[in-house]
Amino acid sequence: DVSKETMVAGDLSGMIKLTLLTTLFQVSGILFVRLLPRSTHETESLKSDNFSQSTLGGSIFLSITFSSILYSIFVMYKNVVHPGWVKGS
C-alpha cells in the first residue's frame, strides 16, 4: 500500500517494494544487450531480413515513442504551472 495515509502513518514497506520493482524494470534492459549485433557484418545481414525494413512498424514505433515524450512534457508542464491538477494529489 503506497497511499498517503499509509506513508504518514510511517509504514514505508509498500514504497520500498514499489521502488525495488521499478528499479528492476529500469535495469531489465541490460538483459537485451546480448541481442545486439556484434559486428558490422551482423548489422548488414539484418537488413536482408524481410521484416527488418517495415515502414508501418517503424512508424508505429516512432509514434509511440514521440507520443510518450510529448505526454511526459505535458504532465511536467501541468505539474509546474498548475500544481494539484490531478485529483487526490
Side-chain angles (χ1 to χ4, degrees):
D1 185 16
V2 291
S3 65
K4 186 175 181 179
E5 295 80 22
T6 305
M7 289 193 293
V8 168
D11 183 11
L12 299 177
S13 62
M15 184 61 76
I16 292 171
K17 291 176 187 174
L18 182 62
T19 302
L20 291 174
L21 178 67
T22 56
T23 301
L24 286 174
F25 283 147
Q26 289 176 354
V27 297
S28 65
I30 294 173
L31 300 173
F32 296 101
V33 170
R34 300 177 70 196
L35 299 176
L36 291 172
R38 289 186 167 74
S39 66
T40 55
H41 175 67
E42 287 183 12
T43 305
E44 292 296 325
S45 69
L46 287 174
K47 287 184 181 179
S48 64
D49 189 10
N50 290 336
F51 300 107
S52 67
Q53 296 181 352
S54 169
T55 305
L56 177 64
S59 300
I60 292 171
F61 172 77
L62 289 176
S63 297
I64 291 172
T65 301
F66 287 119
S67 297
S68 299
I69 292 170
L70 289 174
Y71 179 73
S72 297
I73 291 171
F74 168 76
V75 170
M76 178 218 41
Y77 171 79
K78 291 291 280 187
N79 284 331
V80 170
V81 176
H82 303 289
W85 65 282
V86 178
K87 277 191 163 182
S89 60

**Q.** Note, Leu24 side chain near Leu20 side chain (heavy atom, < 4.5 Å)
**A.** no
Q: Show your reasoning for whether side-chain contact (heavy atoms from CB on, under 4.5 Å) applies to Leu56 and Ile60.
A: CA-CA 6 Å; Leu56 177 64; Ile60 292 171; 3.9 Å; yes
Between [X] and [Y], is there shared hydrophobic-cluster membership here, with clusters defined by ILVMFWY side-chain heavy atoms closer than 4.5 Å?
{"X": "Met76", "Y": "Ile69", "result": "yes"}
{"X": "Leu18", "Y": "Phe25", "result": "no"}
{"X": "Ile73", "Y": "Phe66", "result": "yes"}
{"X": "Leu31", "Y": "Val27", "result": "no"}
{"X": "Tyr77", "Y": "Val86", "result": "no"}

Of all heavy-atom pairs between [X] and [Y], which one has the smallest distance, and what is that distance?
{"X": "Thr6", "Y": "Ser3", "result": "OG1-OG, 2.8 Å"}
{"X": "Glu42", "Y": "Arg38", "result": "OE1-N, 2.8 Å"}
{"X": "Met7", "Y": "Leu12", "result": "CG-CD2, 4.1 Å"}
{"X": "Pro37", "Y": "Leu46", "result": "CG-CD1, 4.0 Å"}

**Q.** His41 side, atom NE2; Ser39 side, atom OG - distance, nearest 0.5 Å
**A.** 6.5 Å
Q. Sub-3.5 Å donor-acceptor pair from the side chain of Ser72 to the main-chain atoms of Ser68, do we have one?
A. yes
Q | Ser67 side chain vs Ile64 backbone, donor-acceptor pair below 3.5 Å | A | no
